[in-house]
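Chain naming here is simple, since letters A, B, ... match the order of the sequence lines and numbering starts at 1 in each.
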2 protein chains.
Amino acid sequence: MDFSIGELSKATGVKVPTIRYYEKEGLIEAPIRTEGNQRRYQERDLDRLRFLKHCRDLGLPMEAIRELIDLSLHPDQPCSNANRIAADQLQAIRARIAHLKKLEKELARISASCTGEHPAADCNILKAFGDHDLCLSDHK
Amino acid sequence: MDFSIGELSKATGVKVPTIRYYEKEGLIEAPIRTEGNQRRYQERDLDRLRFLKHCRDLGLPMEAIRELIDLSLHPDQPCSNANRIAADQLQAIRARIAHLKKLEKELARISASCTGEHPAADCNILKAFGDHDLCLSDHK
DNA sequence: GTAATCCCTATAGCGGCTAGAGGTTCAAGA
DNA sequence: TCTTGAACCTCTAGCCGCTATAGGGATTAC
Ligand SMILES: [Zn+2]
Ligand SMILES: [Zn+2]
Ligand SMILES: [Zn+2]
Ligand SMILES: [Zn+2]
């Protein structure tokens with residue numbers, strides 16, 4: 001019927017201290033308590049936490065998740081905010097990929113420039129790490 | 001001849017508080033001071049900070065940079081550590097790219113699933129954010 | 001001499017948790 | 001019914017790599 005925090009944790013994959021942290025941050029509602037002050041959750045808390053977890057797994061920042069939760073609590077409002085949040089997140093992810101690809105190129109070059117078998121004084125890797133002029137791109 | 005911390009900052013693109021933070025962390029050496037207790041840097045500090053900055057721009061964690069600095073201070077040691085650090089970082093970057101690409105796919109799908117022009121109750125984006133079963137991959 | 005601009009230390013905060021200390025409650029087995 | 005031991009509670013501090021104050025002192029250009 002109702003879950004302890006540990007059961008909720010197992011059901012969602014969210015760690016117990018993290019669940020308490022989300023409660024403190026107002027991202028999930030404070031559940032009812034037993035006489036001994038332990039939390040007891042209902043089905044809807046499970047739904048909410050799964051939603052939250054999935055959003056986190058998609059890389060959304062807490063602030064965006066907060067807005068999405070607000071929106072789902074007001075189902076008659078237009079969904080334009082959800083649309084914007086998804087688009088923003090997609091753009092942010094693409095920007096990060098682009099950046100990391102630049103790093104990948106440079107690091108592949110640097111890593112291949114030495115086999116790791118001579119004194120540090122002559123090491124091309126150390127030289128490459130120290131001198132951005134040897135790089136092919138700006139990588140930020 | 002010697003630089004103030006602000007001049008060092010301008011020359012390297014590292015912000016003034018960040019330079020002080022690096023000093024506190026032992027990543028750069030504490031420079032000499034004026035009679036009025038202000039830091040004055042030399043050419044070699046500039047080199048060191050540039051090295052550090054470039055490593056950070058390549059995404060290396062501080063711990064790895066610490067090892068690289070140690071290594072460059074012992075130029076007769078073998079460079080195998082530098083080699084390992086570069087390879088590890090390359091691998092880490094590739095893993096992050098792979099992960100982000102999964103997110104990109106899911107978010108592109110989610111973002112395209114709604115134009116943002118109806119009530120939240122019917123919004124496919126909100127549904128997709130709430131239900132991982134609709135996803136195409138595991139994205140962790 | 002004075003004003004503008006730098007510089008100093010120290011502390012707290014960011015995001016998003018995670019770990020620990022020190023104590024209480026619950027549930028299953030004897 | 002009692003006992004154990006796992007799970008729970010609150011509170012605080014720590015993680016990374018900075019960044020942003022606050023409240024002062026030093027330097028420099030005019
Ligand atoms: Zn080498
Ligand atoms: Zn570079
Ligand atoms: Zn919609
Ligand atoms: Zn998913």
Scan nucleotides 11-16 of chain D against the protein and return all N/O pairs shorter than 3.5 Å with their distances rounded to 0.1 Å.
none

Does [N] have OP1 or OP2 sitting under 4.0 Å from an N or O in the side chain of [X]?
| X | N | value |
| --- | --- | --- |
| A:Y22 | C:dC17 | yes |
| A:T34 | C:dC26 | yes |
| A:S4 | D:dA7 | no |
| B:R39 | C:dC8 | yes |

Checklist line | Of B:I65, B:L27, B:I85, B:I69, the residue whose pairing with B:C55 passes side-chain contact (heavy atoms from CB on, under 4.5 Å) | finding: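 Passing option: B:I65.
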[X] has an atom [atom1]; how far is it from atom [atom2] of [N], in whole Å?
| X | N | atom1 | atom2 | value |
| --- | --- | --- | --- | --- |
| B:K10 | C:dC7 | NZ | C1' | 13 Å |
| A:I19 | D:dT10 | CD1 | C1' | 16 Å |
| A:R66 | C:dG16 | CZ | C1' | 12 Å |
| A:E35 | C:dC26 | CD | C1' | 12 Å |
| B:R33 | D:dT27 | CZ | P | 12 Å |
| A:L8 | D:dA7 | CG | P | 15 Å |
| A:L60 | C:dC17 | CG | P | 12 Å |
| A:D2 | D:dA7 | CG | C1' | 15 Å |

Next item on the list: Quick one: closest heavy-atom pair of A:K53 and A:V14, and the distance?
Entry: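 The answer is CD-CG2, 3.6 Å.
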Notebook entry, point to check: Starting at the 5' end of DNA chain D and moving along, which residue's nearest nucleotide shows up first, B:T18 or B:G36?
Noted result: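 Closest to the 5' end, via its nearest nucleotide, is B:T18.
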Next item on the list: Between A:P17 and A:N37, name the one whose nearest nucleotide on DNA chain C is closer to the 5' end.
Entry: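 It is A:P17, whose closest nucleotide lies nearer the 5' terminus.
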Notebook entry, point to check: Between residues 91-101 of chain B and DNA chain C, which residues have a heavy-atom gap below 4.0 Å?
Noted result: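 None - not one residue of the stretch has a heavy atom sitting under 4.0 Å from the strand.
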Check: Would you say A:S111 and A:I125 make side-chain contact, with heavy atoms under 4.5 Å?
Finding: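 Side chain of A:S111 against side chain of A:I125, heavy atoms only: no contact under 4.5 Å found.
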Note to self: Taking salt bridge (Lys or Arg N to Asp or Glu O under 4.0 Å) as the cut-off, I'd like each qualifying pair that reaches into residues 76-95 of chain A, sequence neighbours left out, listed once.
What the structure shows: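 Output for this query lists A:E67-A:R84, A:R84-A:D88, A:R94-B:E104.
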Check: Mind checking whether B:F51 and A:F129 have parallel, tilted or perpendicular rings, split at 30° and 60°?
Finding: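 B:F51 and A:F129: perpendicular rings.
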Notebook entry, point to check: In terms of the angle between their ring planes, are B:H139 and A:H54 parallel, tilted or perpendicular, with boundaries placed at 30° and 60°?
Noted result: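 Answer is tilted, since the angle falls between 30° and 60°.
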What nucleotide, of [options], holds the atom closest to the side chain of [X]?
| X | options | answer |
| --- | --- | --- |
| A:R40 | D:dC9, C:dA27, D:dA26 | C:dA27 |
| B:Q38 | D:dT10, C:dC17, D:dG25 | D:dG25 |
| B:I5 | C:dC7, C:dT18, D:dC8 | C:dC7 |

Item checked: Cluster check B:L71, A:L134: I/L/V/M/F/W/Y, side chain < 4.5 angstrom ->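 Result: no, two separate clusters.
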Note to self: Hydrophobic cluster membership, with links at side-chain heavy-atom distances under 4.5 Å among I/L/V/M/F/W/Y: are B:L107 and B:L136 in one?
What the structure shows: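 Unlinked, B:L107 and B:L136 end up in two clusters.
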Check: Looking at A:D70 and A:R66, does any basic side-chain N land under 4.0 Å from a carboxylate oxygen?
Finding: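 Salt bridge between A:D70 and A:R66, a charged N being under 4.0 Å from a carboxylate O: no.
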Checklist line | Presence of salt bridge, A:E106 and A:R109, under 4.0 angstrom | finding: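 Salt bridge: yes.
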